[in-house]
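Worksheet: the structure to be examined is printed underneath.
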Amino acid sequence: DFLVDGKNVIKFIFDSAEKKSEEINNSQIYAVPHMKYDVYSPYRNMARKCQCHGGWDWGPCLMVSGIYGDIFIETTSVGLFENIKTLKTKKDDNSWDLNVEIKFDSFIQGNVNFDLNFTGKNQNEKSKITANLSKGENVVNASFNVKNPEVWKTTDELKEEGLSENIPYELSISFEDSICGTKSEKIDVYFSTLKTVSEKDFSNDKEGRCLYFENNGRKLFSKGSNWIPCDSLPSRMTKERYEDLINSAVEANMNTLRVWGGGIYENDIFYDLCNKLGIIVWQDFMVACANVWMRPEFEREFKLEAIYNVKRIRHHACLGVLCGNNEMEEAICGWECADGHDPLVRSDYLKLYENILPSICKEHAPFIPYTPSSPTSGGNFDLPQDYTRGDVHFWHVWNGNCGFDEYRKHKFRFCSEYGFESYPSMKTIRTFCEPKDMNCFSRVMENHQKSKSGNSKILMYLADTYLY
């Protein structure tokens, strides 16, 4: 419908993210509060892009626009795979059912033969399905019974058993195409019992509700980190850098990574490595420290974004929880930037995080738990920083200038954020700093310090903690 004989041109036009955000901001019907930093884009929450590109207390303001992933043209005479959904159900101690749902966008009406091949440890099963397709979206179903499969293990379990990684099963689905021959789609399959447990805790007369991950019948204490984009410029994020960072997390005895909501929905290689190495993933939707205006075009775009990414990552064994946002419930309840906010801020929050997103997750990934925010005690602005329920972001150390012993004064159910700023390694510093500027208060070092009073805080903690 679009191509013509001869030369065709595909043209991409990118608006300035900064200017477009300001234009939208100037048309809004109420003020939308957000966190402000020393160097930041004042309207970053008006654009659906990586929020930390608008500046953060750890990174630069780079409101860039462009294509940073792969782009290609795919040819076919039959149709295209839209998505493959797998559901693994444990029947008994010896067998699992693997149900496969193939969403296929067909260009023809008629019969198409699909060849399915499921391989792995003690498994080599082939199946052929002839589907009578209509033009447009079709659903083709298949199933396998798997005897005694290897179950997915966390990094702690792998180490205890002397193993280095989980080995996936592979599901391959193919059909014959008159233009390009065999077209196939492959997906890794793991058999996982990972679940998130949040229930009233009656043990030892404790108050509130527990929150933890459980795998293979074993309660897990999460040890990990918040994951931000591994480069400020997404096009520079390579497979080797992902491998180095996630292997470093394993070597540091971490078992959990939280994909923080101010970054990006991570590349497939991130989730593949977490599957392989046994790292549990807490996945935020991409909103952080900034309310959003639920105008119709934003709502439409956010729904498409959320559906696409949930469908893209839902099959990964490592995925422990889907989370609506970073710190937005807490912000509305008590941050200074949200003081005196319009009531529509709350109603838009409830609409997106406690209506739209849980509905999307329930429809497309009902087997993965959803939580509306981080931190939260369950939602609906009910004391999101309650230490006895849900997860907590604890920044009394660093932001609050409290000593390190402050950590020992509290017993959280799940502390999903805390931290202390570190300088880069000397190897990194030498890439931007000459010897004459290697002083934390030099102009060059101050320019690379994005946290307000960060250098003086570090020196204060050094003085309070170490002899000199």
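Checked for salt-bridge contact, E406 and K409 meet the test: a charged N lies under 4.0 Å from a carboxylate O. Salt bridge status for D268 with R312: present, with a side-chain N to carboxylate O gap under 4.0 Å. Salt bridge annotation for E299-K303: present, with a cationic side-chain nitrogen under 4.0 angstrom from a carboxylate oxygen. The pair K153-E160 does not meet the salt-bridge criterion, since no charged nitrogen lies less than 4.0 angstrom from a carboxylate oxygen. Ion pair R48/E305 flagged as a salt bridge, since at least one NZ, NE, NH1 or NH2 atom sits closer than 4.0 Å to an Asp/Glu carboxylate oxygen. Ion pairing of R389 with D382 is present here, as a side-chain N (NZ or NE/NH1/NH2) and a carboxylate O approach within less than 4.0 Å.
Under a cut-off of 6.0 angstrom, the local environment of NZ in K450 is crowded, with over 12 non-hydrogen atoms contributed by other residues, nucleotides or ligands. Atom NZ of K276 has 12 or fewer neighbouring heavy atoms from other residues, nucleotides or ligands inside a 6.0 Å radius. Atom CZ of F221 has 12 or fewer neighbouring heavy atoms from other residues, nucleotides or ligands inside a 6.0 Å radius. Dense packing is recorded around CZ of F432, with more than 12 heavy atoms of other residues, nucleotides or ligands lying under 6.0 Å away. The number of heavy atoms from other shown groups lying within 6.0 Å of CD (E297) is above 12. Environment of OH in Y418: sparse, with no more than 12 heavy atoms of neighbouring residues, nucleotides or ligands closer than 6.0 Å. Few gaps surround NZ on K36; more than 12 heavy atoms of other groups in view lie less than 6.0 Å from it.
Ring pair F285/Y353: centre-to-centre distance not below 6.0 Å. A distance below 6.0 Å separates the ring centres of W58 and W260. Annotation: F420 is in aromatic contact with Y461 [ring centroid separation under 6.0 Å]. Two rings, from F104 and F81, have their centers less than 6.0 Å apart.
Here the side chains of S16 and E23 are not in contact, with every heavy-atom distance at 4.5 Å or above. Taking 4.5 Å as the limit, some side-chain heavy atom of I264 sits within range of a side-chain heavy atom of M237.
Of all heavy-atom pairs between A290 and Q51, the closest is CB-OE1, 4.1 Å.
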Check residues 437-444 and write down every donor-acceptor pair under 3.5 Å in which the side-chain atom is one partner and the other belongs to a residue at least two apart or another chain.
residue: N439; atom: OD1; partner: F441; partner atom: N; Å: 2.8
residue: S442; atom: OG; partner: D437; partner atom: O; Å: 2.7
residue: S442; atom: OG; partner: N439; partner atom: O; Å: 3.0
residue: S442; atom: OG; partner: M445; partner atom: N; Å: 3.2

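For the pair K457 and W398, the distance from NZ or CZ to the six-membered ring centre is under 6.0 Å and the angle to the ring normal is within 45 degrees.
The aromatic rings of F381 and Y349 sit tilted relative to each other, their planes meeting at an angle between 30° and 60°.
With F414 as the fixed residue, the ring-ring contact (aromatic ring centres under 6.0 Å, His included) test singles out one of Y387, Y212, W282: W282.
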